[in-house]
Amino acid sequence: MSETTPASGAAEAATEPFRYSSTLAADIESRWQDVWEKEGTFNAPNPVGPLSDPAAGEVSAKPHSFIMDMFPYPSGAGLHVGHPLGYIATDVYARYQRMNGHNVLHTLGYDAFGLPAEQHAVATGEHPRISTEAAIANMRSQLRRLGLGHDSRRSISTIDPEYYRWTQWIFLQIFNSWYDAEAATARPIPELVAQFESGERATPDGRGWSELSGAEREEVLGEYRLAYSKEVPVNWCPGLGTVLANEEVTADGRSERGNFPVFKSKLRQWMMRITAYGDRLIADLDPLDWPEAIKLQQRNWIGRSEGARVDFPVADGSAITVFTTRPDTLFGATYMVLAPEHELVDSIVPAAWPADVPAEWTGGAGTPAEAVAAYRAVAASKSDVERQVEAKVKTGVFTGAYATNPVSGESVPVFIADYVLMGYGTGAIMAVPAHDHRDFAFARAFALPIRCVVEPTDGRDQDASAWDDAFDTYDSVIVNSANSGVSLDGLSVTDAKARITAWLTERGIGEGTVNFRLRDWLFSRQRYWGEPFPIVYDEDGVMHALPDSMLPVEVPEVEDYSPHTYDPYDAASSPKTPLSRNEAWVNVELDLGDGVRSYRRETNTMPNWAGSCWYELRYIDPVNAERVVDPANEQYWLGPTETKPVGGVDLYVGGAEHAVLHLLYARFWHKVLHDLGHVSSVEPFHKLFNQGMITADVYRDERGFPVPAAEIEERDGGYFWQGEAVKREAGKMGKSLKNAVAPDTICEEYGADTLRLYEMAMGPLDVSRPWDTRAVVGSYRFLQRLWRNVVSEATGELVVTDEPADEPTLRALHKAIDGIRADMSGLRFNTAVAKAIELNNYLVKRGSTPRAVAEQLVLLVAPLAPHIAEELWRKLGHDESLVYADYPVADPVYVVDESVTCVVQIKGKVKARLEVAPSISDTELEALALADPAVIAAVGDAPIRKVIARAPKLVNIVTG
RNA sequence: GCCCCGGUAGCCCAGCGGUAGAGGCAGUGGUCUCAAACACCAUCCAGCGUGGGUUCGAAUCCCACCCGGGGUACCA
């Protein structure tokens with residue numbers, strides 16, 4: 001112990017030994033945290049299995065809530081006060097639900113695979129597991145201080161072999177499934193094989209299934225598997241040394257993590273066939289209780305659009321297939337564009353330019369082949385950033401080939417241009433310059449004909465030669481669109497689409513179709529610190545899935561954890577996997593059913609998202625060694641109910657940055673597991689709530705460098721650091737901006753209850769707001785006043801009185817209960833805190849606190865400030881923890897005021913006030929108002945035109 | 001460019017058709033103290049981003065614009 005006890009603390013302790021000081025708060029908090037831990041207070045019993053509890057009674061009969069935070073990555077840097085905002089909110093809500101009789105599942109695990117640990121390993125040589133586990137331990141202790149009511153038995157970590165064993169198992173489930181589009185469900189691969197064997201389903205080349213070799217069969221099945229390995233164009237990021245999913249690449253062609261350039265490269269990689277679920281991922285958003293903004297982002301990302309595929313015949317007998325959402329404008333298609341990489345380009349390019357080719361179409365090249373090659377070279381050399389900057393200027397080159405517009409019979413030139421993307425639709429478009437802005441710009445640049453086929457409704461002429469831009473609308477009728485077989489003239493856009501699609505279908509030159517923006521999910525990474533794939537290759541290179549009995553495939557030891565990174569701009573480099581460095585691990589002898597043979601292991605690892613795609617399931621049954629989750633437990637916690645038609649966790653709180661990535665992947669996996677019969681719920685997360693960010697002031701010196709925010713002095717309306725004037729701005733909280741505030745600091749100075757209360761009181765949970773350390777004291781003072789209303793600071797004895805509460809006090813109490821209940825249920829903790837403070841302030845003014853009121857107030861505050869509440873509850877004579885006590889219920893009799901103030905307005909201006917009963921009728925009130933002397937005086941002899949009475953609060957008299 | 005979210009007291013925020021203010025911070029004055037800190041008591045402060053409209057009545061509903069934050073970006 002130190003001899004140098006701070007003087008102020010000693011003085012305080014001497015005069016007010018039982019004041020609610022930071023010392024006392026620390027004592028109370030650590031004691032109750034120990035009690036909760038020792039007694040397993042927050043352990044939620046399961047209906048069946050090792051986590052069931054016979055003493056808990058009939059669990060399945062109890063109402064229940066599954067409340068979740070988004071999985072944190074355990075950062076080695078420790079937490080700042082912004083991190084636990086969501087955790088505190090879910091804890092408050094979870095505690096509230098427990099006090100409403102719910103069996104509450106609330107825990108927190110760790111998403112612990114990932115790049116930072118690997119980078120730390122590269123820098124220090126420390127094994128990622130060591131640093132990650134240390135970071136988890138550190139985070140656990142930081143969070144424990146906050147008094148979060150987590151069921152620690154369920155706190156899984158993705159890097160535990162017992163956990164990732166099931167991640168690998170789920171991968172195998174997906175690998176061993178195919179999507180039956182007719183039945184709209186995933187089915188096991190053996191059912192597909194049976195179809196091939198029986199001939200019910202034909203093989204691609206028509207041979208019998210038995211005639212195919214093992215490798216050939218595997219290739220066929222690979223076209224169906226929901227997880228498959230294929231050579232595909234991928235996002236290769238040399239700076240990170242790995243490939244990335246589309247979702248991990250920013251709009252300007254850089255890696256979301258690290259901000260390195262990303263290049264397109266064709267590589268053999270693992271993919272997940274998430275596109276098979278496009279329709280269901282959109283449709284099932286509807287029943288979810290999610291913020292509309294997030295639903296919208298998911299819908300946009302999936303990008304479902306209805307349209308048609310149309311074939312345009314080319315001279316050599318082949319056809320270019322385009323996808324269009326506007327088949328109604330087919331008669332206006334005056335040229336075509338293929339993506340530069342389109343595979344048909346080489347075969348349609350003629351040896352020489354046709355006659356009369358305008359000079360600007362050829363790019364100055366002597367032959368079409370040269371023009372194409374030159375344009376491709378330029379396009380490939382351009383980064384996505386450059387392409388984006390130049391997006392306004394349309395570039396392209398004529399291929400020398402013509403196709404035939406199938407409805408007008410016209411010959412239309414075929415171009416390549418980089419405004420058409422290989423990755424969307426068919427990589428080819430029919431260009432309708434009159435009604436598409438991009439096509440219009442291109443047509444103008446290359447002097448291509450523009451034909452109006454949708455009647456302009458903005459007054460412009462049908463002659464497009466003078467137009468400034470395309471006329472793009474759904475709200476008009478079709479013109480100039482008839483041939484001998486079909487006419488669209490006069491039809492609405494919608495009717496014309498239907499008519500032309502039917503006509504195309506009849507003739508076999510097109511069909512209605514649905515196209516998605518969503519691509520299949522690139523699922524492999526060239527990293528060390530991730531889940532290995534449970535896949536091996538035999539000597540013939542044929543892929544084999546490992547049986548469940550061989551799981552988990554543990555992350556092997558290697559000499560060097562670092563990814564093979566390259567110069568960030570070295571597009572020609574290709575990835576190497578760190579796992580391949582351990583030859584002894586890669587080459588294995590296994591018996592997969594036909595004797596011991598040699599195999600090579602798959603050396604890619606799974607992406608960081610894998611572990612977080614299904615953790616809600618493992619929270620339910622964390623120690624189940626037999627199954628991923630027991631169906632009875634899954635049904636209980638996640639199963640569909642009347643209020644949750646597709647099931648899912650009751651509340652999921654986290655940042656909006658996961659709007660697409662994590663939430664889309666997790667939904668996809670959940671649906672596959674549902675289809676295969678492993679879970680009853682259709683969706684993983686019923687209600688989603690995005691918490692806002694806690695921002696903080698950033699102070700910058702003259703050079704613009706951040707200076708430590710904690711050392712800023714404020715005077716004369718300015719800010720100074722070490723005597724020099726600095727500028728203040730708003731920013732994120734973090735180490736790099738030198739403005740991080742650690743929760744530990746606040747806990748030391750005020751206690752965890754104060755921190756919790758302050759974070760909840762700062763503002764609405766879904767809004768970002770600035771941290772203000774100076775303001776924390778307000779929450780501290782509230783707790784001090786609460787303490788003082790119940791306990792003497794001098795003696796520590798109770799000061800509550802045994803008198804019954806008087807009516808005004810009961811009204812204050814029950815109005816608070818009523819309001820706080822509504823606020824808690826709606827996650828409006830800021831206003832709940834204000835109402836608790838209001839009631840407490842009322843009791844301070846009253847001078848004494850009746851015991852019954854004190855008890856109710858303590859229970860009201862318990863979810864927000866659980867430690868002080870437990871302590872006061874104990875002092876009030878209760879032996880049991882209040883975690884499972886009943887939350888106060890308002891008596892409606894006392895929720896309304898005895899009398900209310902009614903304002904009387906004359907033409908909207910307040911002229912008089914009346915004290916009236918809340919139950920007064922409109923007519924009574926009107927009579928009362930008109931009889932009021934002040935009103936009579938104000939009205940004077942002006943005629944009364946109208947009287948609006950809104951009992952009991954308002955009368956408005958409209959005069960002359 | 002398009003799509004969200006937000007602009008109410010010096011600051012953070014309640015109020016979301018009916019008296020502009022629930023709560024907190026800061027400021028000011030006071031009590032306590034030898035003095036200070038803490039604590040306590042009291043008190044000052046805005047007409048609701050701007051401009052229109054609807055209404056008996058608008059911070060609240062509608063339209064346009066400005067400012068701040070976020071998302072998205074040639075998706076045929």
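In the text below, chain A, chain B and the rest are named by the order of the sequence lines, each starting its count at 1.
Counting only heavy atoms from C-beta on, A:A775 has its side chain closest to B:C25 among B:C25, B:G57, B:A22. Minimum atom distance to the side chain of A:E838 is reached by B:A22, of the listed B:A22, B:A76, B:A39. Of the listed nucleotides (B:A22, B:C74, B:A76), B:C74 has the atom at the smallest distance from the side chain of A:K394. Picking from B:C56, B:C25, B:G71 the nucleotide with the shortest atom distance to the side chain of A:Q297 gives B:G71. Comparing B:A76, B:C56, B:A26 by their nearest atom to the side chain of A:N956 picks out B:C56. Nearest to the side-chain atoms of A:T324 among the listed nucleotides B:A22, B:C74, B:A76 stands B:A76.
Between A:R444 and A:D468 there is no salt bridge, since none of the side-chain N atoms of the basic residue sits less than 4.0 Å from a carboxylate O of the acidic one.
Spacing of P atoms, B:C45 relative to B:G51, comes out at 24 Å, to the nearest Å. A distance of about 26 Å separates the P atoms of B:U31 and B:G23, rounded to the whole Å. Between B:A59 and B:C16, the distance separating the two C1' atoms is 8 Å to the nearest Å. Here the separation of B:G15 from B:C61, taken at their C1' atoms, is 16 Å to the nearest Å. With both ends at atom C1', the span from B:U43 to B:A9 equals 14 Å, rounded to whole Å. The gap from the P atom of B:A73 to that of B:G6 amounts to 23 Å, rounded to the nearest Å.
Contacts classified as salt bridge (Lys or Arg N to Asp or Glu O under 4.0 Å) and involving residues 821-833 of chain A (residues at least two apart or in different chains) are given here: A:D823-A:R828, A:D823-A:K835.
OP1 or OP2 of B:U72 has not a single side-chain nitrogen or oxygen of A:R299 nearer than 4.0 Å.
Note on A:R769: only backbone sugar-phosphate atoms sit closer than 4.0 angstrom, heavy atoms only; bases stay farther off. Here A:I837 lies in heavy-atom contact (under 4.0 Å) with sugar-phosphate atoms only. Note on A:V777: only backbone sugar-phosphate atoms sit closer than 4.0 angstrom, heavy atoms only; bases stay farther off. At the heavy-atom level, A:R950 lies under 4.0 Å from base atoms of the strands shown. In this structure, A:S779 reaches neither bases nor backbone, as no heavy-atom distance under 4.0 Å exists between it and the strands shown.
A 4.5 Å side-chain heavy-atom check between A:L288 and A:L688 finds every atom pair outside the cut-off. You'll find the side chain of A:V791 stays beyond 4.5 Å of the side chain of A:V799, heavy atoms only. Here the side chains of A:V414 and A:Y335 are not in contact, with every heavy-atom distance at 4.5 Å or above.
With values rounded to the nearest 0.5 angstrom, A:L954 atom CG is found 12.5 Å from A:T901 atom OG1. A:T695 contributes atom OG1, which lies 11.0 Å from atom CG of A:L737 (distance to the nearest 0.5 angstrom).
Across the strands present, B:A20 finds no partner; the criterion is a Watson-Crick or G-U wobble pair with both atom distances under 3.5 angstrom. With both pairing distances under 3.5 Å, B:U33 is matched to nothing as a Watson-Crick or G-U wobble pair. Nucleotide B:G1 forms a pair with B:U72, judged by Watson-Crick or G-U wobble geometry with both contacts under 3.5 Å. The partner of B:A42, taking Watson-Crick or G-U wobble pairs whose two distances both stay under 3.5 Å, is B:U28. When Watson-Crick and G-U wobble pairs are counted only if both distances are under 3.5 Å, B:A64 pairs with B:U50.
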Could I get a table of every N or O pair under 3.5 Å where one atom is in the protein and the other is in nucleotides 3-6 of chain B?
none

Just the table, please: protein N/O against nucleotides 40-43 of chain B N/O, every pair under 3.5 Å.
{"unit_1": "B:C40", "atom_1": "OP1", "unit_2": "A:R785", "atom_2": "NH1", "d": "3.4"}

Between the protein and nucleotides 67-70 of chain B, list every N/O to N/O distance that falls short of 3.5 Å.
none

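Side-chain contact, A:N739 with A:D697: no donor N or O sits under 3.5 Å from an acceptor N or O. Between the side chains of A:D439 and A:Y419, at least one donor N or O lies within less than 3.5 Å of an accepting N or O.
Atom pair A:D472:CG and B:C2:P shows a separation of 14 Å (rounding to whole Å applied). With rounding to whole Å, A:L954 atom CG is found 11 Å from B:G17 atom C1'. Computed from coordinates, the A:R828 CZ to B:C13 P distance equals 17 Å when rounded to whole Å. Spacing between atom CG of A:D772 and atom P of B:C12 amounts to 10 Å, rounded to whole angstrom units.
More than 12 heavy-atom neighbours from other residues, nucleotides or ligands sit within 6.0 angstrom of CG on A:D469.
Along RNA chain B, the nucleotide closest to A:N841 and the one closest to A:M422 are compared, and the more 5′ of them pairs with A:N841. When the nearest nucleotides of RNA chain B are assigned to A:V958 and A:P770 by heavy-atom distance, the more 5′-ward of the two goes with A:P770.
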Carefully, step by step, assess A:V337 and A:I416 under the rule side-chain contact (heavy atoms from CB on, under 4.5 Å). CA-CA 5 Å; A:V337 185; A:I416 58 170; 5.7 Å; no

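Using a 30° and 60° split on the angle between ring planes, A:W787 and A:Y20 fall in the tilted class, from 30° to 60°.
With a glycosidic angle more than 90° from 0, B:G15 adopts the anti conformation.
Residues passing the ring-ring contact (aromatic ring centres under 6.0 Å, His included) test with A:Y842: none are found, sequence neighbours excluded. With sequence neighbours left out, the side chain to side chain contact (heavy atoms under 4.5 Å, CB included) criterion links A:D311 to A:A319, A:T321.
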